[in-house]
Amino acid sequence: NAIHVFVFLHSSGYTPEFIASVMNRLEPVAMRMEIVGGMNNCTLINDTYNSDLVSLSNALDVLNQQNQHRKKTIILSDILQSGKPAGELYRDVSALVEGQHIDRFIGIGPEISAHSELFMNGALFYTETEDFLTTAVQPSFRNEAILLKGSRKFHFEMIARVLQEKAHRTVMEIDLNALVENYRYYKSVLPRDTKIMAMVKAFSYGSGGYEVANVLQYNHVDYLAVAFADEGVTLRKNGIHVPVMVMNPEKNDYFLITEYNLEPEIYSFRILEDFSNYLERNGLQQYPVHLKIDTGMHRLGFEEKDTEKLITSLKDDKLKVVSVFSHLAAADEPANDEFTTMQIDAFRRVSDRIQQSTGQTFMRHILNSAGIERFPSSAFDMVRLGIGLYGVSSFRQDKLQEVSSFKTSVAQIREVQSGDTIGYSRRGKAEGNRRIATLPVGYADGVFRALGNGRGTFMVNGHAASVIGNVCMDMTMIDITGIPVEENDEVIIFGKENPVQAVAASAGTIPYEILTRISERVKRIYFRE
Ligand SMILES: *Cc1c(COP(=O)(O)O)cnc(C)c1O
């Protein structure tokens, strides 16, 4: 929009200097849609910044993707400046809403209220946002997805505040658009028709289980993979219906696996036998499984020398092999490329042999994120995309978008005198008079203790501030001397301005560990631009 305005003014004869001076006064418009946890186990889709028919239709789509709730509610304000006569406008709105599976409609504003007869039975109307908030018989909200969509002047942020789950001010923000962009980037690198299995193990690398799975499902991901059966059960209970592979199927979980239509990884003769017996006892046949081959990672899997025995063991109809796969140990390290090539060759040999002898057709896959970027010609039928989806690449970081930001805000600021000490064991020492900010986040939230005593830096108002003293369980102190900071200002632990790779390096670890260690007590906020 700003560029259109610029071009219009320029072609109308205004000088670039003049236009630059007035454009400086433009305020950025907050346009993003947020998905957050609400009271009483609700999910709140907060889209309170603009309202028109197109954005309403998009928002209804997002509402319908919230498969974790059966019940769907929309709270909608008057739509301003549509250019349509009110009667026609609200007939269109009503038709849009009727076309979706909405259970409850709440309209706020004089115009929408005046057209209440166009809406479903039982719809509620209020002329002002205040009326809705102060009404004696407030509608109750429980276990449902609620779309809040209002024109700016209706101040729906007041409703959002009431409906939101109470949270600490430390949050992990997850940019769902960025996630989808990263997914598309990896797809673009791969040969056409290569399937993608997205790794959503460990709470989607810390980014949240079913929310991420939901977006991937909507974008036609072929497969999902989790580490344990209960992670798969959570996905199923929240409306995820794409196939799910379970990498560590434990004996006690076989029941959950078949009950919830999950597909186990079979990596040893012990589990092959156990699971076959279980299927036999339960009268199940042709159950989908994935065979894991160890080609050099030496973690889980059948070894090449066991191939013939494996083929013999597969000769009954209880198991249906849907895929045969292996895992690369060092696809991200050029120094190990010879080893990687050896793994790929071994995988091809073993999977070819299984194919020939059993006559079964199955998919083959070996590439992880780094493998996709560095060995795309060995994609076989499917790849297993993990860390790259979440915005981290050791190869083409420039192609990826940052997905998560871990943020908090300043709880208290104090001045300390030269020689004072800060925090436990008096490990932080003020050299000269310093200004110190205390943050309500600590190692229990996932701020590594290894970042203490100057090793880690966080971003405050565009400046880097280093951690001073030891990181505490729920608090961390940073040195903000010379930086303009006030209490309540936002602090970015990692995110766009402070890449998770840099934080991982300071903590002496890898981004995977930083991401997956963010505690569940840190609220996740999902948004789309
Ligand atoms: C986690 C995992 C992946 C994904 O690895 P990334 O490096 O995150 O892409 C792929 N395959 C298996 C077996 C895994 O455990």
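Reckoned from all heavy atoms, side chains included, excluding hydrogens, waters and symmetry mates. Counting starts at 1 for both ligands and their atoms, following the listed order.
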Practice prompt. Could you tell me whether E231 and K201 have a side-chain N and a carboxylate O separated by less than 4.0 Å?
Written response: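 No, this pair does not count.
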Worksheet item: Does a salt bridge link D230 with K237, judged by any charged N lying under 4.0 Å from a carboxylate O?
Response: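 Here D230 does not pair with K237 in a salt bridge, since their nearest N and O are not under 4.0 Å apart.
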Discussion item. For D294, give me all partners under side chain to side chain donor-acceptor pair (under 3.5 Å), at least two apart in sequence or on another chain.
Written reply: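 Only H298 meet the side chain to side chain donor-acceptor pair (under 3.5 Å) criterion with D294.
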Item to complete: Give me the one residue out of I518, T408, T476 that meets side chain to side chain contact (heavy atoms under 4.5 Å, CB included) with V447.
Response: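 So, applying the side chain to side chain contact (heavy atoms under 4.5 Å, CB included) to V447 and each of I518, T408, T476, only T476 qualifies.
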Worksheet entry | Qualifying salt bridge (Lys or Arg N to Asp or Glu O under 4.0 Å) pairs with a residue from residues 439-462, counting only residues at least two apart or across chains |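 Sorted result for residues 439-462: D445-R521.
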Discussion item. I'd like the contact residues of ligand 1, where contact means a heavy atom below 4.0 Å.
Written reply: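 For ligand 1, the contacting residues are M199, K201, Y205, M247, R299, H327, N368, S369, R384, G386, I387, Y512.
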Ignoring hydrogens and angles, write down the donor-acceptor pairs under 3.5 Å from the side chains of residues 320-328, residues two or more places apart or on other chains.
unit_1 : atom_1 : unit_2 : atom_2 : d
S323   : OG     : H290   : ND1    : 2.7
S323   : OG     : H365   : NE2    : 2.7
S326   : OG     : I293   : O      : 2.7
S326   : OG     : T295   : OG1    : 2.8
H327   : ND1    : R384   : NH2    : 3.1

